[in-house]
Amino acid sequence: MNILRIIEKKRDRQELTKEEIEFFIKGYVKEEIADYQAAALVMAIYLNGMTKEETTNLTMAMANSGEILDLSRLGEIIVDKHSTGGVGDKVSICLLPLVASLGVPVAKMSGRGLGFTGGTVDKLKSIPGYKTEVDINTFIENVENIGISIISQTMNLAPADKKLYALRDSISCVGSIPLIASSIMSKKIASGADKIVLDVTVGHGAFMKNIQYAKILANEMIEIGKLANRETVAILTNMNEPLGYAVGNNLEVIEAVKFLRGEMPEDLKEVVIELGAYMIKLAGLGNNVEENKTKMLENIANGKAFEKLLQMVEHQGGDSAYLKDLDKLPKAKYVEPLVASKDGFIYEINAEDVGKIACEMGAGRIKKEDDIDYTVGIKLCKKVCDKVLKGETLAYIYANDIEKLQNAKISLQNIIKIDKNEIKKEETIFGICE
Ligand code: URA
């Protein structure tokens, strides 16, 4: 078999066989296929798509590119969660300690930032000392002992996805249904989940810009889940404006900590509570979704969810003192307010544009080897539909570079759109696919 022939086939819109897909994945992981050849094939997939069968074969080849974790020794149903990506998406940091505090075992492998979207791994790494790279035994022991561990893709789990994820990010090939579906499902299958709850984001700040495409992506992942014997539920959530108020790594950790202490932005609360209610249901710990939501709110109010976050951080080498006293976390050199130029109502805050500004300030990567600046980002003070008065603060920009700060300020002024008329609030949850 020959990689050039495989690239030509996909370039010419022909269907790849299971053997050709496996040849590509094995060769790429072994470094027998060069990055530039993989980039050409990925671009061809991005442009020409894949059949459902090709996507399933790609997913299984990626899942089988390393070890497949067997978590059966834990003797419980492991339910994993994954998002298709968003801006201000700190859901995992709020949700996973919360469901773990209710007895749902959490063994999660998260990703780093991708394109204009943030990644849980980068956010967790902004907590001083937190190690996302741990060995398999520590990962399993933490789940066994405290019920939760969140790690990065550092062990030999779906190494093909790790390579392709970084490659796609650096060649602008992220927003493709077969590439997203195979990336997510290969990781979930390899990391040993029995059941999976997916947050399929929709809107400006998501890779799926409309509900129609989001449903196709959700259904493809549900189908792959069925074939791999992993029950999967997908929740379609609104990502037109950033989720919550903070965008940027340690700014989002701060928001997540406050969330677990009871200070919950409405949209973030809806997403976390909906996903969690289904995680509890799939774990077999409560069939009634509404009752599950009540239990979750109770564990926020009584502090158990926040305690679980502290425990998780400590077990992964992090210093929980920074979370107990958020003022201790490192801060950006410049914090500048942006004020409203007129009275009115906010009618749009395009999440993709906000994500791009945060990325340009250093919260995300332009090249795959770029370092992240954990302290920079944007803290919005208003959400879409809010009333504003001229001179009122719309957002704070956190930067370490004066030129980047000024550029961000100019861009953000145009992104937060104000009109004299009030608009109707959109739904946060668009639907559930099972
Ligand atoms: N999350 C992933 O893990 N992979 C994608 O491709 C997109 C979001």
Side-chain angles (χ1 to χ4, degrees), residues 25 28 38-39 41-43 45-46 49-50 54-56 58-59 61-63 65-66 80-93 95-96 107-124 132 150-155 157-193 196-203 205-209 213-214 216-218 220-222 224-225 228 230 232 234-237 239 243 271 275 351-352 355 359 364-365 368:
I25 292 298
Y28 188 43
L41 181 58
V42 165
M43 181 60 87
I45 295 172
Y46 182 92
M50 278 186 141
E54 284 177 298
T55 307
T56 305
L58 180 61
T59 308
M62 285 161 70
S65 64
D80 205 347
K81 169 265 167 190
H82 207 88
S83 159
T84 56
V87 176
D89 182 350
K90 67 281 295 173
V91 171
S92 288
I93 308 174
L95 166 67
L96 299 175
K108 169 147 171 75
M109 188 161 70
S110 283
R112 37 179 232 172
L114 192 60
F116 56 85
T117 68
T120 302
V121 162
D122 297 328
K123 290 168 208 188
L124 288 174
T132 56
I150 307 180
I151 57 159
S152 60
Q153 226 170 332
T154 40
M155 301 178 299
L157 299 178
D161 175 57
K162 189 174 180 206
K163 288 194 79 172
L164 283 172
Y165 192 89
L167 180 73
R168 285 164 57 210
D169 195 19
S170 62
I171 59 168
S172 275
C173 279
V174 176
S176 134
I177 289 177
L179 294 175
I180 296 175
S182 56
S183 163
I184 292 180
M185 294 307 284
S186 64
K187 271 196 284 283
K188 300 296 98 178
I189 293 168
S191 60
I196 302 158
V197 175
L198 298 170
D199 180 1
V200 178
T201 52
V202 191
F207 296 120
M208 297 298 109
K209 303 295 180 197
Y213 285 123
I216 296 174
L217 173 62
E220 287 218 0
M221 292 193 284
I222 290 170
I224 295 170
R230 267 56 171 199
T232 303
I235 301 184
L236 306 184
T237 65
M239 190 47 80
L243 194 62
V271 174
L275 289 164
E352 176 170 359
C359 247
R365 298 177 185 80
K368 61 183 180 180

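Remember, it's 1-based here, ligands and their atoms both numbered in the order they're listed. Everything quoted here is computed from the prediction, not taken from an experiment.
Looking only at protein heavy atoms, the nearest one to atom 6 (O) of ligand 1 is Arg168 NH2, 2.7 Å. Looking from atom 8 (C) of ligand 1 to the surrounding protein, the closest heavy atom is Thr84 O, 3.6 Å. When hydrogens are left out, the protein atom nearest atom 7 (C) of ligand 1 is Leu114 CD2, 3.5 Å; that is the closest non-hydrogen contact. For atom 3 (O) of ligand 1, the closest non-hydrogen atom of the protein is Lys187 NZ, 2.6 Å. In terms of protein heavy-atom proximity, atom 4 (N) of ligand 1 is nearest to Ser183 OG, 2.7 Å.
Side-chain N/O atoms of Asp161 and Ser186 include no donor and acceptor closer than 3.5 Å. Counting only N and O atoms by type, the side chains of Lys81 and Ser92 include a donor and acceptor under 3.5 Å apart. Between the side chains of Thr84 and Thr201, at least one donor N or O lies within less than 3.5 Å of an accepting N or O.
Near His82, with a cut-off below 4.0 Å to any heavy atom, the atoms of ligand 1 are 1 (N), 2 (C), 3 (O). Interface of Ser83 with ligand 1, defined as ligand atoms under 4.0 Å from a residue heavy atom, comprises 1 (N), 8 (C). Per-residue contacts place Tyr165 under 4.0 angstrom from the following atoms of ligand 1 (heavy atoms of the residue considered): 2 (C), 3 (O), 4 (N). Within ligand 1, the atoms closer than 4.0 Å to a non-hydrogen atom of Ile184 are 1 (N), 2 (C), 3 (O), 4 (N), numbered from 1 in the order shown.
Inter-residue side-chain proximity for Leu95 and Val271 is flagged as unmet; no heavy-atom pair is nearer than 4.5 Å.
A pairwise comparison of heavy atoms in Lys187 and His82 identifies CE-CE1, 3.5 Å as the closest pair. Between Met109 and Asp80 the shortest heavy-atom distance is N-OD2, 4.5 Å.
Ionic pairing of Arg365 and Asp122 is present here: one or more N-O contacts between side-chain nitrogen and carboxylate oxygen are shorter than 4.0 angstrom.
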